[in-house]
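Below is one structure; the comments refer to it alone.
Numbered from 1 within each chain, the chains take letters A, B, ... in sequence-line order.
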Number of protein chains: 2
Amino acid sequence: MPQSEEANTVYEIESLLRVVATTVRKNGRAILVDFDITPPLFDALLWISKRDPEMTIGELSANLGLAYSTTTDLVDRLEKRGLAERLRDTEDKRVVRLRLLREGRDVIEHVLDARRQYLGEVLERVDHSNRLMLLEALRLLQKQLDQV
Amino acid sequence: MPQSEEANTVYEIESLLRVVATTVRKNGRAILVDFDITPPLFDALLWISKRDPEMTIGELSANLGLAYSTTTDLVDRLEKRGLAERLRDTEDKRVVRLRLLREGRDVIEHVLDARRQYLGEVLERVDHSNRLMLLEALRLLQKQLDQV
């Protein structure tokens, strides 16, 4: 339980970040149903896109926090759906990497667009200076995340 | 692609929120390994705790964005692990609701503590006034989320 003012601030920021991010994520999710894609599949796509085409299944499994076998199943489904594919490393043939396919990229763009549209509607209700304050505060936070 | 300054701001805020929340979540996750709990199980616990002991499996499945059968499997695992349990509705015996058990609550507390500890270390590097700016900005955003 928080005791100092510092701890209270951390407590509240963690909670707000969690609720805000969950709500925005949830509102971009409606579109996943249209694409017939589950949230775990989408999360896998998003991680793959971050290091496309370098990510190995081991890294993907660590990023998703899922067992290797569960991750392999997800990758099988991504391949079957034509969203991503396995790729042999050119230097070391034993290493398998993951490449996003065009349709996978489209799915990501559509979902992020839906999130942005929802967030845009929310931010319309926040005045200009407060919107800039939010942007500035998040930039500061991200800069520090990169360094811890 | 963003065209106006407004759209650019929304674009960047969505991206920052996503990266920040993902990083904080990932850093609280190390502890899940100690509890031998997967991220989907933890997410289920977190949702159940929000409406404890009112949430039905249908609602949980909608919140998680997972199929009903997948959600049933998750609930089976939560019960087997003694983290949550099914509960017959007292008024309508056909309705099954979910109740968090003490060990489930402990898991949530430990994981959120780990996230707060990580976030606390990050926020130590942000000066006091900027920390308050972040808090204020997130409060404003959440207030608007509730209304859209």
Side-chain angles (χ1 to χ4, degrees), chain A residues 2 6-7 9-29 32-33 38-40 42 46 63-67 70 112 115-126 128 130-148, chain B residues 2 6-7 9-29 32-33 38-40 42 46 63-67 70 112 115-126 128 130-148:
Chain A
E6 288 299 294
T9 305
V10 172
Y11 195 95
E12 194 179 345
I13 290 178
E14 187 282 325
S15 163
L16 286 167
L17 273 175
R18 174 157 40 90
V19 171
V20 167
T22 304
T23 309
V24 174
R25 211 163 56 230
K26 220 178 130 181
N27 274 279
R29 209 182 257 169
L32 286 180
V33 178
T38 61
F42 181 72
L46 213 49
N63 283 325
L64 291 169
L66 294 173
T70 312
L112 295 190
R115 287 186 189 176
R116 282 175 210 127
Q117 194 180 329
Y118 167 72
L119 194 61
E121 283 166 28
V122 174
L123 288 171
E124 262 175 31
R125 306 166 67 105
V126 175
H128 187 69
N130 282 325
R131 216 153 41 212
L132 292 184
M133 176 174 79
L134 176 65
L135 184 58
E136 187 57 33
L138 286 173
R139 278 180 182 156
L140 270 169
L141 182 60
Q142 191 205 17
K143 212 170 142 188
Q144 297 307 328
L145 285 179
D146 290 342
Q147 287 170 31
V148 169
Chain B
E6 289 298 293
T9 304
V10 171
Y11 196 96
E12 193 179 346
I13 289 178
E14 187 282 326
S15 164
L16 285 167
L17 273 175
R18 173 157 41 89
V19 171
V20 167
T22 304
T23 309
V24 175
R25 210 163 57 230
K26 219 179 132 181
N27 274 279
R29 208 183 257 170
L32 286 180
V33 179
T38 61
F42 181 72
L46 213 49
N63 284 323
L64 291 170
L66 295 173
T70 312
L112 296 190
R115 287 187 190 175
R116 282 175 209 128
Q117 194 180 328
Y118 167 71
L119 194 61
E121 284 165 28
V122 174
L123 288 171
E124 262 175 32
R125 307 166 65 106
V126 175
H128 187 68
N130 282 325
R131 217 153 41 212
L132 292 184
M133 175 174 80
L134 176 64
L135 184 58
E136 187 56 31
L138 286 173
R139 278 182 183 155
L140 270 170
L141 182 60
Q142 191 203 18
K143 211 170 142 189
Q144 297 308 326
L145 285 179
D146 290 342
Q147 288 171 31
V148 168

Can you give the donor-acceptor pairs under 3.5 Å from side chains of residues 13-20 of chain B to other protein atoms, not counting sequence neighbours?
from	atom 1	to	atom 2	distance (Å)
B:E14	OE1	B:R18	NH2	2.9
B:E14	OE2	B:R18	NE	2.9

At a heavy-atom distance under 4.5 Å, which candidate from B:L66, B:L46, B:T9, B:L141 has the highest pair count against chain A?
B:L141
Heavy-atom pairs under 4.5 Å with chain A, option from B:E12, B:E124, B:K26, B:Q147 with the top count:
B:E12
So what's closer than 4.5 Å to chain A heavy atoms on B:F42: side chain, backbone, both or neither?
neither
Counting heavy-atom pairs under 4.5 angstrom with chain A, the leader among B:N130, B:L112, B:L32 is B:L112
Looking at every non-hydrogen atom in both residues, tell me the closest pair between B:A21 and A:A21 and how far apart they are.
CB-CB, 3.4 Å
For chain A, find which of B:L140, B:T22, B:V33, B:V126 contributes the most heavy-atom pairs closer than 4.5 angstrom.
B:L140
Region of A:R29 in contact with chain B, defined by heavy-atom distances below 4.5 Å:
side chain
Backbone N/O of B:Y11 and side chain of A:R116: donor-acceptor pair under 3.5 Å:
no
Taking A:T70, A:V24, A:T23, A:V10 one by one, which has the highest count of heavy-atom pairs under 4.5 Å against chain B?
A:V10
Measuring heavy-atom distances to chain B, does A:E136 have an atom under 4.5 Å in its side chain, in its backbone, in both, or in neither?
both
Honestly, the part of B:N27 sitting under 4.5 Å from a heavy atom of chain A is neither
Could you look at B:R25 and say if it's the side chain, the backbone, both or neither that has a heavy atom under 4.5 Å from chain A?
side chain
State, with a plain yes or no, whether a side-chain heavy atom of A:E6 is found less than 4.5 Å away from one of B:H128.
yes
Does the side-chain contact (heavy atoms from CB on, under 4.5 Å) test come out yes or no for A:L134 and A:L123, once each step is laid out?
CA-CA 10 Å; A:L134 176 65; A:L123 288 171; 4.0 Å; yes
